[in-house]
Protein chains: 2
Amino acid sequence: MLALEDLTEMLKGILEGCVLEIISRKETYGYEIVKKLNSLGFEDVVEGTVYTILLRLEKNKLVNIQKKPSKIGPPRKFYTLNEAGRNQLQTFWRKWDFIASKINELKENKDGN
Amino acid sequence: MLALEDLTEMLKGILEGCVLEIISRKETYGYEIVKKLNSLGFEDVVEGTVYTILLRLEKNKLVNIQKKPSKIGPPRKFYTLNEAGRNQLQTFWRKWDFIASKINELKENKDGN
DNA sequence: ACATCTATATAGTATTACTAGGTAGATGGT
DNA sequence: ACCATCTACCTAGTAATACTATATAGATGT
């Protein structure tokens with residue numbers, strides 16, 4: 001993997017949406033979400049970052065939470081999206097599609113309009 | 001245009017790149033950049049935002065600046081990219097392409113990987 | 001004299017991802 | 001018994017960025 005520089009600033013407002021999307025797929029928990037993001041390509045995303053997002057989602061009442069024991073470590077907090085969470089996820093993708101299309105428009109428009 | 005909500009957070013780390021790209025096309029100034037961004041679709045981007053970015057670019061020595069009088073208002077500060085600015089722009093697009101591809105991968109992968 | 005458009009600047013705010021720690025359960029090796 | 005390691009969660013403080021709100025000022029038209 002080519003060493004790409006810091007993506008921190010560009011992930012703002014995007015990481016939370018990614019977490020929502022991952023949770024929407026199947027009931028999951030923080031540690032697993034971190035691994036998922038890492039394997040997706042966001043290798044520098046660490047636990048502290050994801051846990052703050054998860055606590056924010058909880059505070060904003062976008063998720064349901066269920067604690068379950070694990071056989072290989074401490075208990076896990078499993079997250080699922082509630083109705084508000086699914087709405088938020090939809091909103092995220094609408095924003096993403098909008099921004100991505102506009103940015104690509106700017107990028108391709110090399111002639112300069 | 002459908003009223004799309006606040007894009008602020010998702011623009012973090014992206015707006016500066018857009019400004020760099022716009023400057024790279026042709027010598028231009030703040031007020032004109034604002035109008036360009038607005039017409040691109042980022043209608044809520046206001047002057048204060050762009051001027052802080054431009055002052056940051058200047059501070060980081062990514063631009064050359066030339067002040068010129070205007071016939072229809074106060075003098076304009078015209079910006080062009082220097083070598084460092086062009087490098088920064090290239091870096092921005094590399095980051096963007098990386099993130100956009102990963103996000104779209106996540107988005108399309110509805111089966112769950 | 002006033003409004004409007006053009007044009008730049010800046011102090012303060014909110015939000016977000018990250019840093020840098022800490023706590024703790026389970027397993028395996030020495 | 002001790003320690004390292006992996007799993008799993010939490011949190012106080014920091015840095016960076018876009019935005020809010022406001023100020024200043026030149027030029028034009030009424």
Side-chain angles (χ1 to χ4, degrees), chain A residues 5-20 27-38 42-60 62-63 65-79 88 92 95 99 103, chain B residues 5-20 23 27-38 42-60 62-63 65-79 88 92 95-96 99 103:
Chain A
E5 328 68 75
D6 194 26
L7 300 175
T8 297
E9 291 309 322
M10 282 181 69
L11 286 178
K12 288 194 177 171
I14 292 180
L15 252 194
E16 182 179 303
C18 293
V19 170
L20 284 171
E27 193 181 45
T28 182
Y29 56 97
Y31 193 80
E32 194 177 46
I33 293 171
V34 175
K35 300 305 173 195
K36 181 73 177 260
L37 285 167
N38 293 156
F42 301 117
E43 298 176 347
D44 295 334
V45 173
V46 294
E47 298 166 24
T49 300
V50 172
Y51 287 116
T52 54
I53 291 173
L54 290 172
L55 291 170
R56 192 162 70 229
L57 296 181
E58 180 178 0
K59 198 189 91 192
N60 294 341
L62 302 173
V63 287
I65 301 180
Q66 206 182 348
K67 205 159 192 172
K68 298 181 187 178
S70 165
K71 285 168 189 161
I72 56 171
R76 299 162 172 166
K77 276 176 72 178
F78 281 85
Y79 294 83
Q88 181 83 358
F92 165 71
K95 290 186 188 180
I99 288 187
I103 299 294
Chain B
E5 329 69 73
D6 193 27
L7 299 177
T8 297
E9 292 309 322
M10 282 181 67
L11 285 177
K12 288 191 176 174
I14 292 179
L15 252 193
E16 181 178 304
C18 293
V19 170
L20 283 170
I23 294 173
E27 191 181 47
T28 182
Y29 56 97
Y31 194 80
E32 194 176 45
I33 293 171
V34 175
K35 299 307 174 196
K36 181 73 177 261
L37 286 167
N38 294 156
F42 301 118
E43 299 176 347
D44 295 335
V45 173
V46 294
E47 298 163 22
T49 299
V50 172
Y51 287 117
T52 54
I53 290 173
L54 290 171
L55 292 169
R56 192 163 69 228
L57 296 180
E58 179 176 3
K59 198 188 89 190
N60 294 341
L62 302 174
V63 287
I65 302 180
Q66 207 180 350
K67 204 160 191 170
K68 298 180 187 178
S70 164
K71 286 167 186 160
I72 57 170
R76 300 164 172 165
K77 277 175 73 175
F78 281 86
Y79 294 84
Q88 181 84 358
F92 165 70
K95 290 186 190 181
W96 168 257
I99 288 187
I103 299 294

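Just so it is clear, the values below take in all heavy atoms, side chains as well, and ignore hydrogens, waters and symmetry mates. Lettering follows sequence order; numbering is per chain, from 1. Being a predicted model, the structure only gives us computed values, none of them experimental.
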Interatomic distance, [X] [atom1] vs [N] [atom2] [rounded to whole Å]:
X	N	atom1	atom2	value
A:Asp44	D:dA15	CG	P	19 Å
B:Leu7	C:dT16	CG	P	13 Å
A:Leu57	D:dC9	CG	P	14 Å
A:Tyr51	D:dT7	OH	P	11 Å
A:Tyr29	D:dC10	OH	P	14 Å
A:Glu9	C:dT15	CD	P	16 Å
B:Lys59	D:dA15	NZ	P	13 Å
B:Leu55	D:dA18	CG	P	13 Å

- Is any N or O donor-acceptor pair between the side chain of B:Lys12 and the base of C:dT15 shorter than 3.5 Å? yes
All side chain to side chain donor-acceptor pair (under 3.5 Å) counterparts of [X], not counting sequence neighbours:
X	value
A:Thr52	none
A:Gln88	none
A:Glu9	A:Lys12
A:Glu27	A:Lys68

- Verify the contact: side-chain N or O of B:Tyr31 to OP1 or OP2 of C:dT6, cut-off strictly under 4.0 Å; return yes or no. yes
- Item | A:Arg56 side-chain N/O to C:dA17 phosphate OP1/OP2 under 4.0 Å | yes
- Message: Using C1' atoms of five pairs at each end, report the bend of the helix from C:dA1-D:dT30 to C:dT30-D:dA1 rounded to 10 degrees.
- Response: 10°
- Message: I'd like to know if the side chain of B:Lys95 reaches the main chain of A:Asp6, judged simply by a donor and an acceptor atom lying under 3.5 Å from each other, with no hydrogens or angles considered.
- Response: yes
- Counting heavy atoms from C-beta on, name the nucleotide in D:dA16, D:dA18, D:dT11 closest to the side chain of B:Leu15. D:dA18
- Query: Can the positive tip of A:Lys77 be found less than 6.0 Å from the middle of the six-membered ring of A:Tyr79, inside 45° of the ring normal?
  - Reply: no
Under a 4.5 Å cut-off applied to non-hydrogen side-chain atoms, are [X] and [Y] in contact?
X	Y	result
A:Thr49	A:Leu11	no
A:Phe42	B:Ile99	yes
B:Val46	B:Val34	no

Distances for protein N/O vs nucleotides 21-27 of chain D N/O pairs under 3.5 angstrom?
from   : atom 1 : to      : atom 2 : distance (Å)
D:dA27 : O3'    : B:Lys71 : O      : 3.1

- Message: Can you work out whether A:Leu54 or B:Thr8 has the more 5'-proximal nearest nucleotide on DNA chain D?
- Response: A:Leu54
